Amino acid sequence: MKNALIIEDLHVQTVEGKQILNGVSLTIKKGEIHAIMGPNGGGKSTLSAALMGHPGYVITKGKVIVNGVDITKFSPDQKARAGLFLGFQYPVEIAGVNFSSFLRMAMNERKKEGEKKISPIAFKNKLVDEAKTLSFRDDITKRALNEGFSGGEKKKAEILQLAMLKPEFAILDEPDSGLDVDALKYIANKINDLDYEFGLILITHYQRILKYIKPHFVHVLVKGKIVKSGNAKLAQLIEQSGYEKYI
Amino acid sequence: MTNNTQPIIKDNYKFGFHMPEKPVFKTPKGLSPKVVEAISHFKNEPKWMTEFRLKALGFFYEKPLPTWGADLSGIDFDNMYYYISPTEKKFHTWDKVPTEIKTTYDRIGIPQAERKFLAGVGAQYDSEVVYHNLKKQWEKQGVIFVDTDTAVQKYPDLVRQYFGTIIPPHDNKFAALNSAVWSGGSFVYVPKGVHVEIPLQAYFRINAANMGQFERTLIIADEGSYVHYVEGCTAPIYTTDSLHSAVVEIIVKKGARVRYSTIQNWSSNVYNLVTKRMRVEEEGIGEWIDGNLGSKVTMKYPSVYLVGKGAKGEVLSLAFAGKDQHQDTGGKAIHLAPYTTSTITSKSVSTHGGRCSYRGMVRIANGAKGSKSFVRCDALLLDELSRSDTYPTNIVNEEDVTLGHEASVSKVGVDQLFYLMSRGLTEAQATSLVVNGFIEPIVKELPLEYAVELNRLIDLSMEGSVG
């Protein structure tokens with residue numbers, strides 16, 4: 001199917017052999033927002049890591065299909081070029097690598113063959129503008145990749161990368177954890193303001209972010225399976241009564 | 001100069017793709033007092049230098065090979081040429097440099113800086129400096145920048161006063177060897193209070209198989225002066241072992257500052273055994289920036305001897321070891337006066353089973369009160385086959401001092417690579433970003449062209465290394 005990310009009966013274990021996901025199926029069309037909620041250890045982060053191809057996880061069964069292309073066995077960079085993006089819960093710091101040069105390199109790598117590369121000046125202007133809307137205090141172009149970033153800045157920097165790279169499908173792994181109310185608003189507003197159609201998987205513990213970003217679907221992931229799906233009201237229900245009845 | 005010095009071997013030979021050489025004088029293989037005398041005679045040197053060389057040869061015979069550090073058992077001292085002179089003439093303008101030499105430099109990609117600052121470049125082809133020119137403004141300021149052979153002829157008193165005073169021939173076996181058969185290298189004298197704004201640059205390279213290169217550099221920065229000396233090396237691949245054994249002596253007088261930057265990229269069969277030392281007087285600053293890529297074995301520990309009150313020394317050492325390579329590098333800081341400070345920063349990258357060893361020494365003598373020293377060494381391993389070791393030595397004979405040491409060994413993390421690749425970079429691109437980021441604190445201290453060249457070299461080595 002065009003314009004969709006299809007996850008088909010996904011079974012995932014760690015390289016050490018521990019089974020985490022036991023058959024997850026989801027279809028995310030462009031323009032849709034799917035929230036995935038669930039208790040700790042339910043497999044939320046494993047789902048995001050496995051979708052992007054983290055070498056610590058093995059897909060033992062099932063498929064991941066983007067726009068009709070089976071990308072299950074692709075390497076992370078191939079998946080990125082196929083249109084996938086992962087916003088990390090804990091972005092790593094990479095010393096000495098300039099944020100701006102890295103992002104421009106990534107942007108150019110994702111261009112299809114024959115597509116024109118962005119000029120350094122146009123890129124810089126765009127980056128500075130986008131950073132402003134996320135309220136970055138220091139000049140982002142002079143900073144190293146996540147190095148010395150505060151917890152909130154790291155999270156904002158993930159969304160900044162999303163805004164610059166404009167992937168067709170984004171998985172955001174707990175973009176709200178550890179954020180104060182102001183930072184949460186900046187992040188949510190930025191995601192809402194993205195001016196193109198993309199599919200979004202929003203992994204979260206709390207309903208808080210869903211006040212700002214309205215999901216079309218909410219799924220509850222428990223013990224490696226989606227045990228309940230519904231609309232935005234499901235999130236409110238969980239907020240009131242917890243996950244216990246799904247366990 | 002005469003051509004009837006014995007022995008003369010005239011032969012035009014070719015080594016692989018290299019430019020044909022036209023040596024006019026070449027000693028036979030191996031070492032002997034005769035060979036040393038022949039070199040000195042051919043260069044028409046004063047008697048004291050001939051004697052200096054012969055005495056040094058005695059020390060060379062006496063001294064054992066170092067039993068610590070890297071494996072040097074593969075060096076065959078008898079199967080090596082100790083002197084070849086490619087041209088008799090010295091060129092004062094770029095136009096007159098032979099085309100074949102220019103072509104060779106083109107191929108090894110000498111930075112544009114050489115063309116940009118032509119007037120200040122000394123480029124060494126084999127053992128001889130063939131091109132030398134001095135910027136007019138420096139001449140007016142009294143700055144001397146010539147090859148050391150010329151300096152012996154033109155400034156014998158100045159050379160004799162300082163030559164071998166910082167690194168005496170008996171210091172170690174390779175300093176003795178260099179002292180006996182040295183050729184080429186740079187001589188720099190900066191008069192009192194003179195600031196040389198544009199870095200002085202020289203380019204060395206080994207060109208003949210089995211050809212040892214023994215350049216000798218002497219820099220004297222008189223009181224309150226400043227100079228930045230930049231030297232870079234690249235060498236193509238040869239089939240037989242080669243030896244590079246240089247000596248660099250630097251005198252930083254009261255209130256002066258000298259920075260010496262090197263990037264060396266010897267081919268993977270070269271033994272690179274270099275002694276570098278600075279003597280820093282009161283309130284002076286001495287800085288080494290030393291990058292070692294390539295070679296089979298490198299042993300190099302740039303040293304700062306802080307002899308005057310408030311003197312500062314800094315060593316930035318960078319090593320990159322690939323397959324079958326051992327980089328045994330680091331730095332030494334010897335505090336001999338009060339309130340002296342030193343910093344040694346070492347970064348090493350090992351890949352494909354390569355080995356990097358940090359070897360360093362900080363010595364604070366009795367009476368050097370209020371002195372401070374900080375050593376930091378970081379190692380990055382790119383695979384399970386590669387190796388990194390640390391051999392720090394601290395000798396402190398004074399109570400009122402501050403001494404710090406930090407060391408880290410890291411591997412290119414799975415999570416770092418995954419993060420970068422998740423944005424669309426290939427594994428090779430991601431690895432090279434991490435490596436370049438790791439060495440960035442040292443690279444940013446290099447002149448731009450060298451930094452660019454270094455990043456390119458690392459990209460190239462990554463391309464070959466990852467899937």
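Reminder, nothing fancy here: chain letters follow the sequence lines and each chain counts from 1. Because the structure is a prediction, the values reported are computed rather than measured.
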Worksheet item: Would A/Asp139 and A/Lys124 satisfy salt bridge (Lys or Arg N to Asp or Glu O under 4.0 Å), going step by step from the backbone distance to the final call?
Response: CA-CA 11 Å; A/Asp139 183 354; A/Lys124 195 185 160 184; 5.6 Å; no

Worksheet entry | B/Asp415 and A/Tyr90 side chains, donor-acceptor separation under 3.5 Å | no

Item to complete: Please confirm whether A/Phe136 and A/Phe99 have ring centers closer than 6.0 angstrom.
Response: no

Discussion item. Shorter than 4.5 Å, heavy atoms on both sides: which option in A/Pro76, A/Ala82, A/Ala95 has the most such pairs with chain B?
Written reply: A/Pro76

Worksheet item: Heavy-atom distance under 4.5 Å to chain B: side chain of A/Leu103, backbone, both or neither?
Response: neither

Fill in: Most contacts with chain B, counted as non-hydrogen pairs under 4.5 angstrom, among A/Lys79, A/His54, A/Met105, A/Arg110
A/His54

Discussion item. Is A/Pro167 close to chain B through its backbone or its side chain, or both, or neither, when contacts mean heavy atoms under 4.5 Å?
Written reply: neither

Discussion item. Quick check on the 6.0 Å ring-centre criterion: do B/Tyr391 and B/Tyr358 meet it?
Written reply: no

Worksheet entry | Heavy-atom contact with chain B under 4.5 Å, split by part of A/Leu165 | side chain

Discussion item. If I measure from the heavy atoms of chain A, does B/Phe438 come under 4.5 Å with its side chain, its backbone, both, or neither?
Written reply: backbone

Practice prompt. Measure across B/Asp328 and B/Ser357 and return the closest heavy-atom pair with its distance rounded to 0.1 Å.
Written response: OD2-CB, 3.4 Å

Fill in: Heavy-atom pairs under 4.5 Å with chain A, option from B/Val434, B/Thr426, B/Ile439 with the top count
B/Thr426

Discussion item. Could you check whether B/Arg423 and A/Gln161, counting side-chain N and O atoms only, form a donor-acceptor pair closer than 3.5 Å?
Written reply: yes

